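Please read the structure below before turning to the comments.
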Amino acid sequence: VEVVLGLASLYTESKENQRAIDLLERQLQSCRPREKLDYSITLALILHSDGQPEKAQALLRKLDQTQENAGRVFQARTQIWIRDGMWAELKASVKAWASRHPGENSAVVALANRLAHHSDREAVAVAEEILQEVVTHSPNWVEPKLLLGQLLYRTNRVVEAGLQYRDVLHVAPDNLVAINNWAWFLCEERQDYVEALSFANRGLKIAPTDVDLLDTRGTIFYRMKQFDKADEDLRRSIHLCPLNATTAIGSRFRLARVYAKMGRRGQAVQYLEESLEMYSQMYQSRGKSGLSDMERVEAKQLLSELQSET
């Protein structure tokens, strides 16, 4: 199966869709029952991209008649709608799935997570709609509440995001993502540094090497003007953090701010330059940043100020 599917993929990459279609149709005539689903799903996706949506949907409807195929068929349909930017159809597909499979929302939440990071704003709006629906019906389910909080934060609805993290902590008090994000919210949005520090400390008792919590606590110490402690936490975060992680970028920027306050100009310039260079490389290659728009502006402004002092 893997060899045939790999060959079909090579055909489509070479824009030889018909050869891929012919190959899969031949395989379907002689394959074993357990191989039929893989071939059929792949064939449906290629048919749709080849401008034959009716054939593709007919094949998917036929597959959907068997309950055990439902999850794979749902994934294939959503892949088609996302690829073509057909958001109304995607919402209809999600609604149909939810009505037919109540209580089986893991696939829907996974889809929402994918959509939440899409470049199209309509996709993000669909993700939010899905997650809002799920958390309404399953208020104690941690994963969608965290995803919703992160989506709301990225779309600048910071207070709403903070409330999601707080609600998660009522259900799962030791959830590290919620602890970290709630501590950050308390620090950066409410300027409640004492309460923020208590949550960051709580998280670091559970996971002493968590780079995000170290970054957050370092930021709290910076806001409290405890620069030596901020220096220690942020350096540790950088030391432990993989270079390809977004936290590595943010921690360097935040450490540079600390060094600027401590009068350590050379180190501040070094970490600002590293942060902005890493941001540029990661954003271009992966579409991820590690710095908010405001942080990027602040980093460039601080770097310019420090360089002008020479």
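One-based numbering along the sequence shown. Worth saying up front: this structure is predicted, and the values here are computed from it rather than measured. Note that these values count all heavy atoms, side chains included, but never hydrogens, waters or copies made by symmetry.
Side-chain contact annotation: D231 with Y259, donor-acceptor N/O pair under 3.5 Å present. If you check the side chains of R223 and Y193, you find no donor sitting under 3.5 Å from an acceptor. Using modelled atom types, one finds a donor on one side chain and an acceptor on the other under 3.5 Å when comparing D215 with S251. R254 and Y222 are not linked by any side-chain donor-acceptor pair at a separation below 3.5 angstrom, with hydrogens and angles left out of the test. Side-chain contact annotation: Q267 with R264, donor-acceptor N/O pair under 3.5 Å present. For the residue pair Q270 and E274, a side-chain donor N or O sits within less than 3.5 Å of a side-chain acceptor on the partner. Judged by distance alone, the side chains of H48 and D84 do bring a donor and an acceptor atom under 3.5 Å apart.
Taken together through direct or relayed side-chain contacts under 4.5 Å among Ile, Leu, Val, Met, Phe, Trp and Tyr, V134 and W97 form part of one hydrophobic cluster. A continuous path of ILVMFWY side-chain contacts below 4.5 Å connects W184 to I206, so both sit in one hydrophobic cluster. Hydrophobic clustering of Ile, Leu, Val, Met, Phe, Trp and Tyr side chains at less than 4.5 Å, counting indirect connections, unites L148 with I130. One hydrophobic cluster holds both L169 and L204 under the rule that ILVMFWY side chains link at heavy-atom gaps under 4.5 Å. A continuous path of Ile, Leu, Val, Met, Phe, Trp and Tyr side chains, each step under 4.5 Å between heavy atoms, connects V171 with L146, placing both in one hydrophobic cluster.
Between the S275 side chain and the I249 main chain, a donor and an acceptor come within less than 3.5 Å of each other. Formation of a donor-acceptor pair under 3.5 Å by the T42 side chain with backbone atoms of Y39 is not found in this model. No donor-acceptor distance shorter than 3.5 angstrom exists from the side chain of R166 to the backbone of A161, with no hydrogens or angles considered. No donor-acceptor pair under 3.5 Å is formed between the side chain of S304 and the backbone N or O of Q301. A side-chain donor-acceptor contact under 3.5 Å links N175 to the backbone of A178.
In terms of heavy-atom proximity, L45 sits nearest to R83 at O-NH2, 3.3 Å. Nearest heavy-atom pair across L151 and A116 is CD1-CB, 3.7 Å. In terms of heavy-atom proximity, L186 sits nearest to A196 at CB-CB, 3.8 Å. The nearest pair of heavy atoms linking Y11 to L23 is CE1-CD2, 4.1 Å. Taking every heavy atom of both residues into account, A248 and M278 meet most closely at CB-CE, 3.8 Å. Between V4 and L24, the shortest heavy-atom contact is CG1-CD2, 4.2 Å.
Using a 4.5 Å heavy-atom cutoff, the side chains of F74 and L111 are in contact. You'll find the side chain of L302 reaches within 4.5 Å of the side chain of L306, heavy atoms only. With contacts defined as side-chain heavy-atom distances shorter than 4.5 Å, the pair F253/E298 qualifies. Looking only at side-chain heavy atoms (C-beta outward), W141 and V109 come within less than 4.5 Å of each other. You'll find the side chain of C187 stays beyond 4.5 Å of the side chain of D192, heavy atoms only. Side-chain contact between M262 and D228 is present, with heavy atoms from C-beta onward closer than 4.5 Å. With contacts defined as side-chain heavy-atom distances shorter than 4.5 Å, the pair W87/I82 qualifies. Within the 4.5 Å cutoff, side-chain heavy atoms of R100 are placed close to those of D64.
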Stepwise, does the salt bridge (charged side-chain N to carboxylate O under 4.0 Å, His left out) test hold for D293 with R296? CA-CA 5 Å; D293 291 341; R296 197 166 72 257; 3.1 Å; yes
Audit row: I238, R252, side-chain contact (heavy atoms from CB on, under 4.5 Å) steps and yes/no: CA-CA 7 Å; I238 290 169; R252 279 169 169 77; 3.6 Å; yes
List the steps, then state whether side-chain contact (heavy atoms from CB on, under 4.5 Å) holds for S49 with T12. CA-CA 9 Å; S49 65; T12 57; 5.9 Å; no
Please assess T247 against S237 for the test side-chain contact (heavy atoms from CB on, under 4.5 Å), listing each intermediate value before the final yes or no. CA-CA 8 Å; T247 302; S237 175; 3.9 Å; yes
Trace of the side-chain contact (heavy atoms from CB on, under 4.5 Å) decision for R236 with T209: CA-CA 8 Å; R236 192 153 183 248; T209 59; 3.7 Å; yes
Start with the C-alpha distance between K91 and E133, add both sets of side-chain angles, then the distance that settles salt bridge (charged side-chain N to carboxylate O under 4.0 Å, His left out), and finish with yes or no. CA-CA 12 Å; K91 286 196 285 186; E133 183 74 14; over 6 Å; no
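For the atom pair CG (L37) and SG (C31), the distance works out to 10.0 Å, reported to the nearest 0.5 Å. In this structure, Q281 CD and N244 CG are separated by 12.0 Å, a value rounded to the nearest 0.5 Å. Once rounded to the nearest 0.5 Å, the distance linking OH of Y165 with CD1 of I179 reads 13.5 Å. The line from CG of L147 to CZ of R114 is 15.0 Å long, rounded to the nearest 0.5 Å. With rounding to the nearest 0.5 Å, the separation of CG in L115 from CG in D120 is 9.5 Å. Atom OG1 of T219 and atom CZ of R257 lie 6.0 Å apart (nearest 0.5 Å).
Atom CD of E232 has 12 or fewer heavy atoms from other residues, nucleotides or ligands within 6.0 Å. In Q191, the CD atom is crowded: over 12 heavy atoms of neighbouring residues, nucleotides or ligands sit closer than 6.0 Å.
With respect to E128 and R154, no salt bridge is recorded, no charged nitrogen being found less than 4.0 Å from a carboxylate O.
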